[in-house]
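Just below is one structure, and these are the notes that go with it.
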Amino acid sequence: MSAISRRGLIGVGAATAGAAIAGVGAVAVGGLPASGAEGVAPAWTRPDVVPFFGPHQVGIATPVQDRMHTVALNLTTSDRAAVVRLFKAWTDAAQRMTAGREVGEGAIPGVPESPPDDTGEAIGLPATRLTLTLGLGPGFFESEGTDRFGLRSQRPEALIELPRFAGDRLDPERTGGDLIVQACADDPQIAVHAIRNLVRIAFGTATVRWSQLGFGKTSSTTPNEMTPRNLFGFKDGTENIGGNDHDLLAQHVWVDAAKDGSPAWLDGGTFLVARRIAMRIETWDRTSLSEQEQLIGRTKLSGAPLGGSQERDKVQVSALPPTSHVRLVHPDSNDGHHILRRGYSYVDGSDGLGRLDAGLFFIAFCRDPRTQYVPMQRRLASQELLAEYLVHTGSGLWAVPPGVEDGGYWAQSLLEA
């Protein structure tokens with residue numbers, strides 16, 4: 001491949017970009033043979049690989065990994081065909097990286113004078129359960145009153161602009177975005193490598209709006225494992241939806257287009273809510289244990305609801321302090337609604353005031369944010385006393401298309417509607 005055509009591929013400017021990368025990249029990351037090589041088991045049979053293709057996107061009900069790198073991007077084109085080329089190229093790169101393989105022709109080009117297709121920092125590393133999840137923001141469908149790609153009529157009614165909640169101090173540079181891509185893995189280098197390569201492929205079609213690194217998952221989709229703790233030191237996500245609880249997932253996470261009145265392309269998809277929540281941990285650390293437990297509604301050591309003895313004792317919301325976090329977010333206080341949480345802790349240096357810039361990068365998936373997330377967050381913002389220790393600095397909502405069939409590409413059901 002010539003240097004010129006390679007640069008065209010990186011910018012997703014060539015009409016044949018998707019096809020150009022579809023048949024290459026036989027070298028595997030981590031010294032593992034490529035999937036499908038003679039005598040080698042398919043990549044998705046390895047424990048470090050999460051299968052990319054399926055009815056729902058990975059990185060939602062998937063067992064939560066240890067690290068996260070999420071990026072929001074703004075599209076810089078009004079050409080729908082360019083978006084199709086981008087999503088085709090992204091899909092090819094995503095399914096390669098999640099299988100532990102390099103992007104395109106790999107990190108070592110056949111022509112040394114050409115830039116590599118893969119940035120190379122994942123050479124020698126396994127896939128570590130990498131998942132990549134794509135979402136589409138309101139601006140993907142309409143921007144400043146303009147129907148950007150002829151898809152305004154396909155915007156789901158539930159894809160609203162999230163309201164500004166009481167106490168929000170949103171930074172515009174950490175809020176919104178036409179696209180969002182969530183990368184999760186058990187190795188931070190793998191997650192960063194994945195986002196770096198997708199951003200590189202998007203050159204000329206989309207630019208980074210913001211990105212966030214996360215560590216120490218703050219919720220789990222595997223209830224049989226130990227519940228993780230957040231930076232306040234409390235167990236988080238005890239009541240979360242399990243990734244194998246198909247009934248709750250169908251009821252509260254996956255869109256049923258016919259029943260929900262959503263456009264057909266979103267059937268099997270969901271909605272992603274992201275909130276960057278700064279935690280005033282220095283103030284929290286000077287708060288007594290008894291007050292901390294009253295604010296949360298659980299004991300710190302065991303995670304049991306107040307009045308109980310074990311973490312998974314049934315929560316009696318009426319027995320909890322009325323302003324406690326657990327009482328206000330529990331399904332019994334929210335008309336039975338659940339959300340699937342998938343957040344991470346973050347530390348981004350200092351805030352310039354002698355404190356750590358640390359907190360929770362809250363991520364949740366739900367079937368309809370208007371009835372599941374927005375009422376709950378309004379209640380939290382106006383009633384919970386824990387809000388004294390929290391500042392919401394970033395926010396966004398995205399529609400997550402259904403999964404990808406082998407041979408297809410991200411959001412194909414929308415872009416070919």
Side-chain angles (χ1 to χ4, degrees), residues 162-170 218-220 227-241 252 273-346 351 355-356 358-364 366 369-395:
L162 286 179
R164 183 175 288 267
F165 301 99
D168 278 4
R169 298 181 191 173
L170 301 181
T218 61
S219 55
S220 173
T227 305
R229 294 181 185 267
N230 57 35
L231 291 183
F232 283 159
F234 279 77
K235 292 190 174 185
D236 204 340
T238 300
E239 299 284 337
N240 203 27
I241 297 175
H252 299 286
V273 178
R275 301 276 288 180
R276 186 178 187 272
I277 307 172
M279 300 166 69
R280 301 305 188 213
I281 56 176
E282 290 84 1
T283 305
W284 179 264
D285 292 342
R286 295 192 295 270
T287 303
S288 70
L289 174 61
S290 59
E291 184 176 350
Q292 289 182 0
E293 292 183 336
Q294 289 291 309
L295 290 167
I296 297 296
R298 289 186 179 275
T299 59
K300 196 167 192 176
L301 181 60
S302 69
L306 297 184
S309 59
Q310 303 295 324
E311 177 190 351
R312 299 196 182 276
D313 286 350
K314 181 175 176 56
V315 175
Q316 304 291 339
V317 294
S318 61
L320 300 179
T323 57
S324 66
H325 182 76
V326 170
R327 176 166 178 166
L328 292 170
V329 302
H330 195 274
D332 289 351
S333 299
N334 292 277
D335 297 324
H337 291 304
H338 294 249
I339 57 173
L340 191 158
R341 285 172 286 165
R342 202 182 168 89
Y344 287 84
S345 296
Y346 72 85
D351 65 359
R355 302 174 303 202
L356 288 175
L360 167 66
F361 190 69
F362 173 89
I363 298 174
C366 54
R370 297 170 299 177
T371 57
Q372 293 170 267
Y373 176 75
V374 172
M376 180 188 70
Q377 183 55 40
R378 281 193 173 130
R379 186 175 297 109
L380 289 172
S382 62
Q383 297 181 30
E384 80 164 341
L385 294 182
L386 188 64
E388 177 184 346
Y389 301 88
L390 307 172
V391 179
H392 292 244
T393 60
S395 180

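No hydrogens, no waters, no symmetry mates; every other heavy atom, side chains included, goes into these values. All residue numbers refer to positions in the sequence shown, counting from 1.
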- Note on the structure: Between Ala381 and Ala166, the two heavy atoms sitting closest are CB-O, 3.5 Å
- Any donor-acceptor N/O pair, Asn230 side chain to Phe232 backbone, under 3.5 Å: yes
- Task: Report the C-alpha separation of Gln292 and Lys300 in whole Å, then their side-chain angles, then the decisive distance to 0.1 Å, and conclude whether the side chain to side chain contact (heavy atoms under 4.5 Å, CB included) test is met.
- Result: CA-CA 8 Å; Gln292 289 182 0; Lys300 196 167 192 176; 2.9 Å; yes
- Shortest non-hydrogen contact from Ala278 to Tyr346? CA-OH, 3.3 Å
- Query: With a 4.5 Å heavy-atom cut-off, do Thr218 and Ser345 have their side chains touching?
  - Reply: yes
- Do Leu390 and Met279 have side-chain heavy atoms sitting under 4.5 Å apart? yes
- Just wondering, are more than 12 heavy atoms of other shown residues or ligands nearer than 6.0 Å to CG in Leu289? yes
- Item | Separation of His325 NE2 from Ile296 CD1 (nearest 0.5 Å) | 6.5 Å
- So CD of Gln294 and CG of Leu386: to nearest 0.5 Å the spacing works out to 13.0 Å
- To the nearest 0.5 Å, atom CG of Leu295 lies from atom OG1 of Thr287 at 7.5 Å
- Task: Locate the shortest heavy-atom distance separating Leu231 from Ala358; write the atom from each residue and the value.
- Result: CD1-CB, 3.9 Å
- Query: Between Lys235 and Gly303, which heavy-atom pair has the shortest distance, and what is it?
  - Reply: CD-CA, 4.2 Å
- Message: I want to check something: taking the side chain as every heavy atom from C-beta on, are Arg327 and Pro322 in contact at a cut-off of under 4.5 Å?
- Response: yes
- Would you check if His337 and Tyr373 make a side-chain contact, meaning some heavy-atom pair closer than 4.5 Å? no
- Item | Taking every non-hydrogen atom, the tightest pair across Asn240 and Ser219 | ND2-CB, 4.1 Å
- Please work out which of the three classes, parallel, tilted or perpendicular, describes the rings of Tyr389 and Trp284, given edges at 30° and 60°. perpendicular
- Side chains of His330 and Leu320: closer than 4.5 Å at any heavy-atom pair? no
- Hey, what do you get for CG (Leu162) to CD (Gln377), rounding to the nearest 0.5 Å? 9.0 Å
- Task: Measure the spacing between CD of Glu239 and CG of Asp332 and express it to the nearest 0.5 Å.
- Result: 8.5 Å
- Note on the structure: Minimal heavy-atom distance between Thr371 and Pro375, with the atoms involved, is O-CG, 3.7 Å
- Task: Begin from the C-alpha positions of Val374 and Phe165 and carry the test side chain to side chain contact (heavy atoms under 4.5 Å, CB included) through to its verdict.
- Result: CA-CA 9 Å; Val374 172; Phe165 301 99; 4.2 Å; yes
- Message: A side-chain contact here means heavy atoms from C-beta on lying under 4.5 Å apart; do Thr238 and Pro305 qualify?
- Response: no
- Check the pair Asp236 / Thr227 against side chain to side chain contact (heavy atoms under 4.5 Å, CB included), numbers first and verdict last. CA-CA 7 Å; Asp236 204 340; Thr227 305; 5.6 Å; no
- Task: Determine whether Arg342 and Ile241 make a side-chain contact, defined as any pair of heavy atoms from C-beta on separated by less than 4.5 Å.
- Result: no
- Flag for Thr393-Arg276: side-chain donor and acceptor within less than 3.5 Å: yes
- Message: Using 0.5 Å steps for rounding, measure from the CZ atom of Phe362 to the NE2 atom of His392.
- Response: 9.0 Å
- Under the side chain to side chain contact (heavy atoms under 4.5 Å, CB included) rule, what do Val273 and Gln372 come out as? Steps first, then yes or no, please. CA-CA 11 Å; Val273 178; Gln372 293 170 267; over 6 Å; no
- Message: Strictly below 4.0 Å, N to O, side chains only: are Asp168 and Arg164 in salt-bridge contact?
- Response: no
- Is there a side-chain contact between Val315 and Arg298, using heavy atoms and a 4.5 Å cut-off? yes
